[in-house]
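Atoms within each ligand, like the ligands themselves, are counted from 1 in listed order.
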Amino acid sequence: MIVAGNWKMFDGPDARALRAALGDLPHVVAPPYTRLRECVDAGLTTYAQNVHWESEGAFTGEISPPMLQALGVTGAIVGHSERRQFFGETDEGVAKRTRAALAAGLNVIACVGETEAQREAGETEEVLRRQVGVLEAHPNLVIAYEPVWAIGTGKTATPEIAQDAHAFIKSLLDLPVLYGGSVKPDNAAVLLSQPAVDGALVGGASLDIDSFVAICRAGS
Ligand code: 13P
């Protein structure tokens with residue numbers, strides 16, 4: 001069971017206070033780049049929110065796997081729907097980032113998920129098949145199912161919707177699948193108790209130490 005906190009473009013909680021509050025609970029935090037070092041130094045399991053496929057080069061605004069590893073970062077989120085929606089990331093780019101990060105020795109959380117319009121049009125499986133189809137199984141790869149309509153909206157997928165989508169993803173690629181989209185302390189236990197739900201990717205609720213610790217506890 002993995003519970004990962006994606007801080008997105010928020011400064012996030014104090015790293016040392018979070019580390020102390022987590023105790024022995026398994027966790028991952030993905031802070032903005034500017035706070036990676038502080039999180040690593042505090043002893044948190046720290047991932048980046050994205051990673052480039054080259055080691056270095058003329059790629060303004062990007063960060064490479066060895067640059068992250070030099071800081072002690074052990075993984076990266078790739079293909080978050082906000083990257084796809086607002087920054088034009090494609091399935092092919094997500095595949096390249098994932099492959100390079102895994103080859104460099106990073107763990108990867110690769111995100112997939114349909115929009116509300118796609119779900120209403122009955123296209124969920126087609127979208128997931130396309131997004132998952134560019135990835136290959138790897139021991140350090142996990143998928144995060146994040147239905148776009150559930151992100152930051154307070155509209156959580158029902159446990160049945162999550163279970164069905166996760167089971168479908170696993171039928172395509174036999175990997176652990178985390179659920180993301182409005183996971184909170186009061187819905188974490190029921191979501192995480194679904195047999196095909198192997199953890200959570202938490203946005204808003206990971207910015208508050210008490211609520212993130214409560215979700216990590218629900219997953220432990
Ligand atoms: P929220 O938990 O804020 O809905 O965000 C989910 C998410 O996008 C995590 O990557």
Side-chain angles (χ1 to χ4, degrees), residues 1-13 18 26-33 35-36 39 44-51 73-89 93-94 97-98 101 106-116 118-119 124 127-128 131-132 135 141-159 161-162 165-166 169 175-192 194 197-219:
M1 197 66 78
I2 300 172
V3 175
N6 174 10
W7 296 4
K8 308 192 179 187
M9 200 174 74
F10 292 98
D11 205 36
L18 177 59
H27 65 273
V28 169
V29 295
Y33 290 118
R35 297 204 58 211
L36 288 171
C39 288
L44 293 162
T45 305
T46 306
Y47 285 18
Q49 295 178 15
N50 201 0
V51 61
V73 171
T74 52
I77 296 171
V78 167
H80 192 279
S81 66
E82 287 149 16
R83 300 294 321 165
R84 296 175 188 260
Q85 263 182 293
F86 304 129
F87 305 101
E89 290 208 15
V94 171
R97 290 177 193 274
T98 300
L106 288 168
N107 299 308
V108 173
I109 300 174
C111 303
V112 300
E114 79 287 358
T115 64
E116 186 152 40
Q118 289 165 334
R119 174 160 284 270
T124 298
V127 170
L128 295 178
Q131 293 176 337
V132 174
L135 304 172
L141 175 62
V142 305
I143 307 270
Y145 171 61
E146 297 208 306
V148 178
W149 47 271
I151 295 178
T153 58
K155 259 205 235 173
T156 317
T158 63
I161 289 180
H166 284 222
I169 291 166
L175 288 174
V177 183
L178 317 183
Y179 170 77
S182 300
V183 177
K184 308 288 177 203
D186 61 358
N187 62 23
V190 63
L191 285 162
L192 292 169
Q194 300 304 304
V197 176
D198 303 305
L201 182 53
V202 185
S206 72
L207 297 173
D208 177 79
I209 291 181
D210 291 343
S211 62
F212 186 60
V213 169
I215 297 169
C216 291
R217 192 167 289 126

Practice prompt. Of the side chain and backbone of Asn6, name the one, both, or neither that has a heavy atom under 4.0 Å from an atom of ligand 1.
Written response: side chain
Practice prompt. Consider every N or O of Ile151 and every N or O of ligand 1, then say whether any pair is closer than 3.5 Å.
Written response: no
Worksheet item: Relative to the heavy atoms of Gly204, which atoms of ligand 1 are at a distance of less than 4.0 Å?
Response: 1 (P), 2 (O), 3 (O)
Fill in: Non-hydrogen atom of Gly181 closer than 4.0 Å to ligand 1
yes
Practice prompt. Taking all heavy atoms of Gly181 and all of Thr156, pick out the closest pair and write down the distance.
Written response: O-CG2, 3.6 Å
Item to complete: Taking the side chain as every heavy atom from C-beta outward, state whether Val29 and Ser206 have any pair of such atoms under 4.5 Å apart.
Response: no
Worksheet item: For ligand 1, which atoms sit closer than 4.0 Å to a heavy atom of Leu201?
Response: 9 (C), 10 (O)
Discussion item. Could you identify the single nearest non-hydrogen protein atom to atom 2 (O) of ligand 1 and state the distance to 0.1 Å?
Written reply: Gly203 N, 2.9 Å
Worksheet item: Where do Val112 and Arg84 come nearest, in terms of heavy atoms and distance?
Response: CG1-NH2, 4.4 Å
Discussion item. By the definition side chain to side chain donor-acceptor pair (under 3.5 Å), identify the one residue from Glu89, His80, Glu82 that meets it with Asn50.
Written reply: Glu89
Response to the item:
protein heavy-atom neighbour closest to atom 7 (C) of ligand 1 works out as Glu146 OE2, 3.1 Å
Worksheet item: Once the angle between the rings of Tyr179 and Tyr145 is folded into 0 to 90°, is it parallel (under 30°), tilted (30 to 60°) or perpendicular (over 60°)?
Response: tilted
Worksheet item: Does an N or O anywhere in Val202 fall below 3.5 Å from an N or O of ligand 1?
Response: no
Worksheet item: Does a side chain donor of either Glu114 or Trp149 reach within less than 3.5 Å of an acceptor in the other side chain?
Response: yes
Practice prompt. For atom 5 (O) of ligand 1, grab the closest protein heavy atom and report residue, atom and distance to one decimal in Å.
Written response: Lys8 NZ, 3.2 Å
Fill in: side-chain contact (heavy atoms from CB on, under 4.5 Å) evaluation trace for Leu36 with Tyr47
CA-CA 8 Å; Leu36 288 171; Tyr47 285 18; over 6 Å; no
Discussion item. I want to confirm something. Looking only at heavy atoms, which of Ser206, Ala144, Ser182 is nearest to atom 1 (P) of ligand 1?
Written reply: Ser182
Worksheet item: Which bit of Ala150 is near ligand 1, meaning a heavy atom under 4.0 Å away: side chain, backbone, both or neither?
Response: backbone
Item to complete: Using distance alone, determine whether Lys184 and ligand 1 share an N or O pair under 3.5 Å.
Response: no
Worksheet, complete the sentence: Per side-chain contact (heavy atoms from CB on, under 4.5 Å), Val78 is matched among Leu135, Ile109, Thr98 by Thr98
